[in-house]
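Read through the structure below, which is laid out as structure tokens, and then see the notes.
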Amino acid sequence: MIAVHRTAEEAEAAVTSVLIETIARKADAVLGLATGKTMIGIYHRLVRAHRHGGLPLARATTFNLDEYCDIAPDHPGAFRTYMRHHFFAKTNIDPSRIHFPAEGGEAAFERAIRIAGGIDLQLLGIGRNGHIGFNEPGSSLTSRTRKVHLTPMTREANAEDFGSLERTPTHAMTMGIATILDARRVILLATGAHKRHALADAVDGPVRAGNPASALQRHPNALIVCDSAAAAGIEV
Ligand code: GLP
């Protein structure tokens with residue numbers, strides 16, 4: 001299922017509505033969260049719904065898709081910093097219910113997801129090379145949470161968060177593709193012309209490790225939401 005909106009703002013609003021509906025329906029919802037520029041508008045809207053609309057977040061549990069290796073948790077480029085700044089510090093989410101994949105804690109992270117009852121809704125972005133989380137092209141579609149090597153394209157796309165390419169981490173921890181596909185529902189948000197090739201490949205192309213996002217074709221309850229710029233390459 002794919003929903004194409006005229007603008008990124010409309011696409012963000014649509015995804016936020018699904019998140020709000022999920023949380024409103026199940027106060028102890030288990031949410032898989034993503035980072036990146038694409039998601040900033042989502043967290044802004046969720047904070048507004050929490051502060052002005054009473055969206056209940058105190059009993060929600062979160063599992064972030066990924067985090068860089070070999071940097072301090074409070075490093076400006078860390079996804080922990082991103083999530084604290086854009087979302088966690090602005091809501092009443094219980095810090096004990098927040099989870100990030102950590103080196104040496106792969107099994108514990110997967111176990112925590114199972115103990116939480118599984119992920120109700122997994123939010124995803126997509127990298128320019130079709131990665132989801134930090135599952136880079138070539139990642140096994142049966143992969144689980146693990147440490148991965150980042151491609152030069154991914155490091156270049158994220159270098160601005162570290163001041164230079166040299167200071168950008170070469171490795172990261174990521175939820176695996178199988179871990180993502182275990183979520184009861186998956187929603188992928190893609191906006192901007194720079195995502196059109198990766199999205200077209202994910203939607204029109206065969207399911208293949210070369211485009212990890214194509215794995216969503218195998219998910220029974222996956223929704224792709226995009227703006228017209230990101231949808232420009234889609235044939236179907
Ligand atoms: C990073 C993250 C992904 C994210 C992607 C796109 O690599 N690991 O989870 O989807 O970049 O980010 P952006 O939204 O900034 O294009």
Side-chain angles (χ1 to χ4, degrees), residues 7-9 11-12 15-16 19 31-46 62-71 75-83 85-87 99-103 109 119 121-139 143 145-162 165 168-177 179-181 183 186-203 211-216 222-227 229-231 233:
T7 65
E9 290 71 24
E12 287 169 14
V15 169
T16 306
L19 283 158
L31 305 172
L33 298 180
T35 54
K37 297 179 188 62
T38 306
M39 302 304 159
I40 292 174
I42 300 290
Y43 295 120
H44 177 73
R45 285 173 167 78
L46 284 178
T62 68
F63 291 89
N64 264 83
L65 273 167
D66 44 17
E67 176 61 286
Y68 291 102
C69 291
D70 309 318
I71 57 168
H75 185 288
F79 288 158
R80 282 177 177 77
T81 305
Y82 170 109
M83 290 303 301
H85 173 72
H86 291 294
F87 190 45
H99 304 81
F100 284 82
E103 196 162 359
F109 185 79
I119 292 173
L121 177 62
Q122 176 66 54
L123 178 61
L124 289 178
I126 184 170
R128 298 174 191 213
N129 60 3
H131 73 235
I132 47 177
F134 271 132
N135 293 285
E136 298 277 38
S139 294
S143 55
T145 300
R146 70 202 185 286
K147 181 176 181 177
V148 295
H149 187 267
L150 300 178
T151 62
M153 179 188 280
T154 295
R155 294 186 65 234
E156 281 158 25
N158 294 300
E160 66 182 294
D161 296 332
F162 297 91
L165 183 59
T168 304
T170 57
H171 291 78
M173 298 301 298
T174 186
M175 257 191 215
I177 294 178
T179 316
I180 292 168
L181 294 179
V186 180
I187 188 164
L188 184 151
L189 174 61
T191 55
H194 61 304
K195 299 294 176 77
R196 68 185 183 284
H197 296 306
L199 194 61
D201 226 11
V203 171
N211 183 292
S214 65
L216 294 191
L223 171 63
I224 291 176
V225 179
C226 60
D227 64 359

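When a ligand or atom number is given, it counts from 1 through the structure's own listing order.
Ring pair Phe79/Phe134 is parallel by interplanar angle, where below 30° counts as parallel and above 60° as perpendicular.
Here the closest non-hydrogen pair linking Ile126 and Lys195 is O-NZ, 2.8 Å.
With a 4.5 Å cut-off on side-chain heavy atoms, Leu123 and Leu31 do not count as touching. Tyr68 places a side-chain heavy atom less than 4.5 Å from the side chain of Leu150.
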Under 3.5 Å, sequence neighbours excluded: what are the donor-acceptor pairs made by side chains of residues 33-41?
unit_1 : atom_1 : unit_2 : atom_2 : d
Lys37  : NZ     : Glu160 : OE2    : 3.0

Check the pair His75, Phe162 against ring pair (Phe, Tyr, Trp, His ring centres under 6.0 Å), reporting the backbone distance first and the verdict last. CA-CA 9 Å; His75 185 288; Phe162 297 91; 5.1 Å; yes
Filter the ligand 1-protein atom pairs down to N or O on both sides and distance under 3.5 Å, then list them.
unit_1   : atom_1 : unit_2 : atom_2 : d
ligand 1 : 7 (O)  : His131 : NE2    : 2.8
ligand 1 : 8 (N)  : Asp66  : OD2    : 2.6
ligand 1 : 8 (N)  : Gly133 : O      : 3.1
ligand 1 : 9 (O)  : Asp66  : OD2    : 3.4
ligand 1 : 10 (O) : Ile126 : N      : 3.4
ligand 1 : 14 (O) : Lys37  : N      : 3.3
ligand 1 : 14 (O) : Thr38  : N      : 2.9
ligand 1 : 14 (O) : Thr38  : OG1    : 2.5
ligand 1 : 15 (O) : Lys37  : N      : 2.8
ligand 1 : 16 (O) : Lys195 : NZ     : 2.7

